[in-house]
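Counting starts at 1 for both ligands and their atoms, following the listed order. Owing to the predicted nature of the structure, the values given are computational and were not obtained by experimental measurement. Only heavy atoms go into these numbers, but all of them, side chains included; no hydrogens, no water, no symmetry mates.
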Amino acid sequence: MCGIIGCIGRGGDTKETLLAGLKNLEYRGYDSAGIAFGGETVTVEKREGELENLRRQLETTEAFDGSLGIGHTRWSTHGPPSDRNSHPHMDEAGRVAVVHNGIIENYQALRDELRVEGVEFTSDTDSEVVPHLIARQLDAGKPPEEAFTAAVERLDGSYALAAVVEGEHAIFTARNDSPLVIGVDGDATFVASDVPAFLEYTRDVVYLENGEYAVLRPGNWTVFDGASPVEKVVKTVEWSPEQTGKSGYDHFMLKEIHEQPTALRQCLRGRVDEFGGRFSVDELDELERPDAVQFVACGTSYHAALYAAELLRDAGVPAQAYLASEYALGPAPITPDTLVVGVTQSGETADTLSALREASVRGARTLALTNVVGSTAARECDHALYIRAGPEIGVAATKTFSSQLVALNVLVERLTAATGVEQTRSLISALRELPEQVQQVLDDSKAADVVDEFGDGNAFFFIGRGLDFPVALEGALKFKEITYEHAEGFAAGELKHGPLALVTENTPVFAVVTGDDERAQKTIGNVKEVESRGAPVIAVTDGQSDVERYADAVLEIPRTTARTAAMLANVQLQLVAYHTAYELDRTIDKPRNLAKSVTVE
Ligand code: F6R
């Protein structure tokens with residue numbers, strides 16, 4: 001996730017303050033960093049890669065004014081990591097520099113408009129339209145503050161923005177759907193995407209709300225909403241600098257579980273044509289409808305692939321999910337109209353890359369569904385669809401899995417578009433409601449109580465059918481990964497073909513039962529089988545069926561569609577795994593023997 005820091009009133013310490021702020025934001029993950037100094041003139045330095053690259057470059061640069069500046073760590077969403085795509089971005093005359101977090105949905109239309117007026121763009125980013133728009137307003141004679149607000153009014157989408165303008169001893173900021181906070185410390189004022197950026201200087205903060213602007217000048221700051229000033233309350237945060245990399249959470253995994261509502265909104269942003277009742281995804285414009293789809297993936301991503309294959313089969317498209325490590329050496333038959341989709345959050349998993357390369361050699365078209373812009377999978381495949389979850393630091397995949405499921409829904413609809421406008425509209429509305437429902441699960445979950453009561457089992461089983469089956473597999477994988485306890489996921493119907501022999505009163509069974517169709521009823525039959533052998537049953541359910549009658553405990557999720565219910569059930573199981581690992585005092589963010597990106601076969 002990108003990070004912003006800005007400061008004014010730090011005198012000769014401006015450069016070090018900005019670099020320290022960027023360092024404090026490193027935990028969010030980034031692929032490039034940059035700084036703009038403002039004041040009489042505007043100077044920008046930016047570099048791809050580690051912050052150290054920027055620091056080295058700055059050692060050779062004079063900060064012209066030294067009393068104010070803005071900085072940015074970038075996590076690519078539009079255009080690969082590179083010096084030129086890094087922030088800050090400038091207008092052509094070098095009078096304005098801007099840093100931006102978020103996604104500007106109408107950037108293509110604005111780019112086209114500015115191009116017609118003769119603007120030459122120097123990056124692939126959506127953000128670069130902003131300095132050009134501000135410059136246009138300055139050219140029209142507007143004073144800087146008005147030029148900034150007039151430019152921002154042209155933007156659709158999410159943004160946290162900070163800008164400096166030549167000749168102005170000020171930092172201009174605006175916020176919509178992307179966090180921005182001001183820090184105040186006497187004559188020094190800070191602005192950042194996240195409190196940790198400036199926490200070593202001040203704990204007194206002012207949070208900006210959507211639609212608010214702020215102007216920071218030496219020794220003062222003002223917030224306004226459109227034309228009128230807004231009274232803001234200065235709050236004191238209680239965090240210590242050590243806590244803040246995790247925004248107050250004990251672990252990155254828990255933080256990332258809680259980031260899911262934001263990640264899911266981000267995944268859908270700009271991809272829904274509400275009016276037309278369809279998904280519109282620029283990245284997939286060239287993609288033709290395939291005859292068949294094969295998914296290749298590993299681990300958690302394989303579970304996402306199983307879910308997507310089922311959606312496609314339901315829509316009448318032959319589809320299958322394969323473990324990439326098996327597929328690479330024994331691929332399934334392929335025709336030129338087969339699409340092979342590599343599901344890989346990192347885009348660097350060796351097994352998945354091998355499977356995609358094998359598919360490509362055999363003549364299939366390939367698509368990477370990934371979180372990392374410019375990753376090997378994204379570069380090598382014919383198409384790439386980004387899940388936009390933001391960086392994930394915990395080794396256990398959580399928010400990337402949820403974002404994969406949402407992005408796969410978008411992909412499936414884009415590939416089939418056969419289900420009709422009404423069905424697509426109802427899917428759009430279910431996906432729109434999902435972030436709020438995930439929040440509800442996070443707020444109300446009884447997972448910690450369930451862990452208290454059943455967490456000392458000898459082994460833990462997870463069962464489900466249909467779309468709840470990949471969720472059961474994922475629940476078990478997450479559990480074993482971070483608790484080191486024995487956990488297995490099964491298709492509910494398979495229990496009686498072997499695993500039932502393992503079931504005792506010491507093996508809690510998590511049964512994912514959503515909806516109340518034939519599948520749900522059959523799973524309830526399996527619940528009765530384990531219950532009669534004395535196993536404690538924890539039902540993860542939306543309450544539509546009567547599974548609660550046979551369960552020892554219930555983890556509730558809101559009522560919704562089958563597709564989104566599976567995603568909500570998964571959040572409950574993430575929390576079960578987390579709380580169990582916490583009780584067992586495991587190294588949750590870095591489980592033993594595991595790596596975040598598996599680059600060997
Ligand atoms: C589990 C986990 C792994 C990954 C797998 C594939 O929490 O993170 O199972 O899902 O190594 O990684 P990607 O998605 O990067 O290809």
Side-chain angles (χ1 to χ4, degrees), residues 29 251-257 260 263 267 295-308 321-328 340-357 359 366-381 384-408 411 462 470-485 487-489 570-571 573-578 580-581 586-601:
H251 297 95
F252 282 112
M253 182 184 177
L254 190 61
K255 171 172 168 279
E256 285 153 6
I257 288 173
Q260 288 177 116
C267 181
F295 293 93
V296 290
C298 308
T300 291
S301 295
Y302 171 68
H303 302 149
L306 286 170
Y307 169 97
Y322 297 91
L323 287 166
S325 52
E326 292 295 316
Y327 184 101
V340 177
V341 180
V343 184
T344 165
Q345 70 81 20
S346 63
E348 303 295 346
T349 302
D351 288 321
T352 309
L353 292 175
S354 294
L356 286 166
R357 286 174 190 146
T366 54
L367 183 148
L369 189 115
T370 180
N371 195 29
V372 183
V373 177
S375 57
T376 307
R379 282 187 277 110
E380 290 188 3
C381 285
L385 178 60
Y386 296 110
I387 64 170
R388 300 179 182 163
E392 194 172 61
I393 314 261
V395 164
T398 51
K399 65 174 179 171
T400 52
F401 178 64
S402 297
S403 298
Q404 283 173 341
L405 298 184
V406 167
L408 283 164
L411 175 66
F462 296 74
V471 170
L473 292 180
E474 176 58 11
L477 177 64
K478 216 83 313 173
F479 196 93
K480 70 178 82 159
E481 220 180 345
I482 61 167
T483 68
Y484 313 155
E485 295 294 308
E488 295 298 335
N570 174 59
V571 176
L573 296 183
Q574 291 172 343
L575 292 168
V576 168
Y578 175 82
T580 311
R586 304 299 191 218
T587 52
I588 293 180
D589 286 330
K590 290 194 171 108
R592 69 184 178 203
N593 307 336
L594 299 180
K596 185 73 190 157
S597 186
V598 186
T599 53
V600 288
E601 284 184 57

Report task. Would you check the N or O atoms of Ala397, main chain and side chain alike, for any that come under 3.5 Å of an N or O of ligand 1? Result -> yes
Report summary line: The salt bridge (Lys or Arg N to Asp or Glu O under 4.0 Å) partners of Glu256 (sequence neighbours excluded) come to none
Report task. Any atoms of ligand 1 less than 4.0 Å from a non-hydrogen atom of Ala396? List them with their elements. Result -> 7 (O)
Requested in this report: Check whether any heavy atom of Thr400 sits under 4.0 Å from an atom of ligand 1.
Outcome: no
Query raised in the report: N/O to N/O below 3.5 Å, does that happen between Lys478 and ligand 1?
Result: yes
Report summary line: min-distance protein heavy atom vs atom 15 (O) of ligand 1 -> Ser346 OG, 2.6 Å
**Report entry** Contact partition for Glu348 relative to ligand 1, non-hydrogen atoms under 4.0 Å
**Finding:** neither
Query raised in the report: What residue and atom, counting heavy atoms only, is the protein's closest point to atom 11 (O) of ligand 1, and at what distance?
Result: Val598 CG2, 4.0 Å
Report summary line: So the atoms of ligand 1 within less than 4.0 Å of a heavy atom of Val395 turn out to be 8 (O)
Query raised in the report: For atom 14 (O) of ligand 1, what's the nearest protein heavy atom and its distance?
Result: Ser301 OG, 2.5 Å
Requested in this report: Say whether Gln404, considering both its backbone and side-chain N or O atoms, lies within less than 3.5 Å of an N or O atom on ligand 1.
Outcome: no
Query raised in the report: Do Glu488 and Lys480 touch side chain to side chain, with heavy atoms closer than 4.5 Å?
Result: yes
Query - Contact atoms of ligand 1, heavy-atom distance to Glu481 under 4.0 Å - result: 1 (C), 2 (C), 7 (O)
Report task. Give the residue, atom name and distance (to 0.1 Å) of the protein heavy atom nearest atom 13 (P) of ligand 1. Result -> Thr349 OG1, 3.2 Å
Report summary line: heavy-atom search around atom 3 (C) of ligand 1 in the protein gives Thr300 N, 4.1 Å
Query raised in the report: From Met253 CE over to Glu392 CD, what is the distance, rounded to the nearest 0.5 angstrom?
Result: 9.0 Å
Requested in this report: Tell me, please, which residues at least two apart from Arg357 pass salt bridge (Lys or Arg N to Asp or Glu O under 4.0 Å).
Outcome: Glu380
**Report entry** Distance-only polar pair, side chains of Thr398 and Gln260, donor-acceptor under 3.5 Å
**Finding:** no
Query raised in the report: Nearest to atom 5 (C) of ligand 1, what protein heavy atom do you find, and at what distance?
Result: Cys298 O, 3.7 Å
